[in-house]
2 protein chains.
Amino acid sequence: MGGPRFEPVRAVRAYERIVEQIEEAVESGALAPGGRLPSERELMVQFSVSRSTVREALRVLQARGLVRSRPGDPNGAEVLPFSPAALHKSMTTLARVAELSLGELVQFRMVLDGSAVLLAARLRTEEQLAEMGEAVAAMRAAADQDEEAFGAADVAFHDAVARAGGNKLIQVCTDVVRSIVLKLIADRIAAAPDREELMRRSIRHHEEVIAAVRAGDGPLAARLSRKAMYDYYAGYVDEGERSALRALLE
Amino acid sequence: MGGPRFEPVRAVRAYERIVEQIEEAVESGALAPGGRLPSERELMVQFSVSRSTVREALRVLQARGLVRSRPGDPNGAEVLPFSPAALHKSMTTLARVAELSLGELVQFRMVLDGSAVLLAARLRTEEQLAEMGEAVAAMRAAADQDEEAFGAADVAFHDAVARAGGNKLIQVCTDVVRSIVLKLIADRIAAAPDREELMRRSIRHHEEVIAAVRAGDGPLAARLSRKAMYDYYAGYVDEGERSALRALLE
DNA sequence: CGCTATTTGTCCGTATGTATG
DNA sequence: CCATACATACGGACAAATAGC
């Protein structure tokens, strides 16, 4: 029993090995963001492969958001700082291919945003609290006038909350899912008949959340936040799914 | 004011357009999973581009987990069913490049798993409840004997909970983050001196969660679930970060 | 400012190993 | 076993874009 456990050998393509090596170099920090890869011709010498193979590897790395190459750049491909673009892409395809419903996406936002405010109520600094206040002030200033500015201020608020919560993963995921949700229903939101009332109520809810965060009452802030999101988005969610959203309101 | 808002034109590569078209076909359902793309030679005719360009496009699509191509396959590249592989990959690089700490990852799991059980307490069927029970039974059977089987049963439990919660996004994300966390500390977990005690306590916690889910007490089940995860993982998290985890235990 | 060298984007042709019938 | 069609990988070529002189 036991004995040597042989791994099944999958035929690994040449370009895949190149990807692995460069990926390793980037993630280990040997290649810092802003740094440059050797040129394609240099890489084909170093890896002793053809240029096509090098290029396929670079396309994969580019799809993963690690590097970017421009035509004519005398330096090689640029190593990019982290961006949630790749995560955004894969979540978007997940949403479409796995047929995620709007309800599931909104529910996910309720969960993450609620947790972010819960943490923010504990960990926020005075500066971050001020940022949230400024964002809501911007929302108020833009209400009934500038749709886009209102949306941007709303984003700024939730981003400030997520940052104050101190969990980068929550921050990135809320950001990604929010943009997916907005892309799905941006037109319906703008065309809502009771748009102004929704905006006013949203501002009021945001202020209540800030008050709870300032008071350090995390659970209250979380409930208020989830309720605010429910009120704002429930109208666009199928009735059958709304009950699952309400399960998060207790 | 206003006027036509021109978008900045980025030079879009040929392979990128091919990616967009095929991606659109897959996501719109025109190409169902299991279906086949035309062969590379056929694609170079249809898009009227060279072989290299087709191949670079296919590499990108493959990196995004949408298709897979094998040498010698008489049919073209295969359209894959959705798999969280791409999401997994981008989250893993996020964890490394954005320097996510173990604490943040565990915190994220506490949030998602807690929410999943909260929903499961509402929506679970009797079958799903039975699955959870079987998973815990398997954990008990494997305790003190088979490390691997214990871990697999634990995974089965959390997966059953996540499925019962009814949110596919939560399900996928918990799965992805769990595997990242385990990869980070698998060796430390196996080498823990009080390993057996941890396993016994973990089984007890799981049973308490099931009881709360059976009773339909979502908030209690969520608290128990977060507590269970805290107890199991807190020992591997830096002391400075533990307080942020405890913020989720109230 | 234009010129030049270099690099990327794209194309073509070819050879090789592999899977299917 | 053989023939066919396929993906993988190679090498050479040209145009467009970029940076530096």
Side-chain angles (χ1 to χ4, degrees), chain A residues 7-23 25-26 31 33-80 85, chain B residues 7-23 25-26 31 33-80 83 85-86:
Chain A
E7 299 272 328
V9 271
R10 59 192 169 93
V12 56
R13 323 276 198 271
Y15 78 87
E16 195 58 47
R17 300 236 198 125
I18 300 179
V19 168
E20 287 171 8
Q21 286 197 43
I22 297 182
E23 209 166 33
V26 170
L31 268 79
R36 300 303 184 113
L37 260 53
S39 74
E40 293 182 359
R41 286 176 177 77
E42 180 64 27
L43 288 175
M44 60 186 271
V45 174
Q46 291 194 24
F47 291 108
S48 64
V49 294
S50 76
R51 198 154 88 97
S52 321
T53 306
V54 168
R55 286 183 60 77
E56 290 181 23
L58 289 178
R59 290 292 81 82
V60 173
L61 291 168
Q62 183 161 329
R64 293 188 184 160
L66 291 178
V67 305
R68 176 185 54 180
S69 46
R70 292 177 318 167
D73 194 334
N75 311 315
E78 183 183 0
V79 178
L80 296 177
Chain B
E7 299 271 328
V9 270
R10 62 194 168 94
V12 56
R13 323 277 201 268
Y15 77 87
E16 195 59 44
R17 297 222 211 143
I18 299 179
V19 168
E20 287 171 9
Q21 286 195 45
I22 297 183
E23 207 165 34
V26 170
L31 274 99
R36 299 302 184 115
L37 259 53
S39 73
E40 293 184 357
R41 289 173 181 80
E42 180 65 26
L43 288 175
M44 63 186 268
V45 175
Q46 291 193 24
F47 291 109
S48 65
V49 294
S50 79
R51 190 83 188 282
S52 325
T53 306
V54 169
R55 286 182 61 77
E56 290 183 23
L58 289 178
R59 290 291 83 82
V60 173
L61 291 168
Q62 184 161 328
R64 291 188 184 159
L66 291 177
V67 305
R68 176 185 53 180
S69 44
R70 290 176 315 167
D73 195 334
N75 310 314
E78 182 183 0
V79 179
L80 296 177
S83 122

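Values below: every heavy atom of this structure, side chains too, minus hydrogens, waters and symmetry copies. Proteins get letters first, then strands, A, B, ... in listed order; numbering begins at 1 in each.
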> First and last nucleotide of DNA chain D in contact with chain B, 5' to 3', at under 4.0 Å to a heavy atom: what are they?
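Span of nucleotides near chain B: D:dC6 to D:dT8.
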> Considering non-hydrogen atoms only, spot the tightest contact between B:Val12 and B:Glu20 and give its length.
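Result for this residue pair: CG2-OE2, 4.5 Å.
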> Do B:Val79 and B:Leu37 touch side chain to side chain, with heavy atoms closer than 4.5 Å?
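They are in contact (side-chain heavy atoms under 4.5 Å apart), so the answer is yes.
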> For B:Glu78, check side chain to side chain donor-acceptor pair (under 3.5 Å) against everything at least two apart and list the hits.
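Partners of B:Glu78 by the side chain to side chain donor-acceptor pair (under 3.5 Å) criterion, ordered by chain and then number, come out as B:Arg68.
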> Are the charged groups of B:Arg13 and B:Glu56 less than 4.0 angstrom apart, N to O?
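Answer for the salt bridge query: no.
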> Taking only residues two or more places apart in sequence, or in another chain, which ones meet A:Arg17 in a side chain to side chain donor-acceptor pair (under 3.5 Å)?
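So A:Arg17 forms no side chain to side chain donor-acceptor pair (under 3.5 Å) with any residue.
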> With sequence neighbours excluded, tell me which residues meet side chain to side chain contact (heavy atoms under 4.5 Å, CB included) with B:Ser69.
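For B:Ser69, the residues satisfying side chain to side chain contact (heavy atoms under 4.5 Å, CB included) (neighbours in sequence not counted) are B:Arg59, B:Gln62, B:Ala77.
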> Going by the rule salt bridge (Lys or Arg N to Asp or Glu O under 4.0 Å), which residues pair with A:Arg70 if we only count those two or more places apart in sequence or in a different chain?
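Result, salt bridge (Lys or Arg N to Asp or Glu O under 4.0 Å) vs A:Arg70: A:Asp73.
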> What string of B, S and - do you get for nucleotides 9-18 of chain C, 5' to 3', when a contact is any protein heavy atom under 4.0 Å?
BBBB----BB
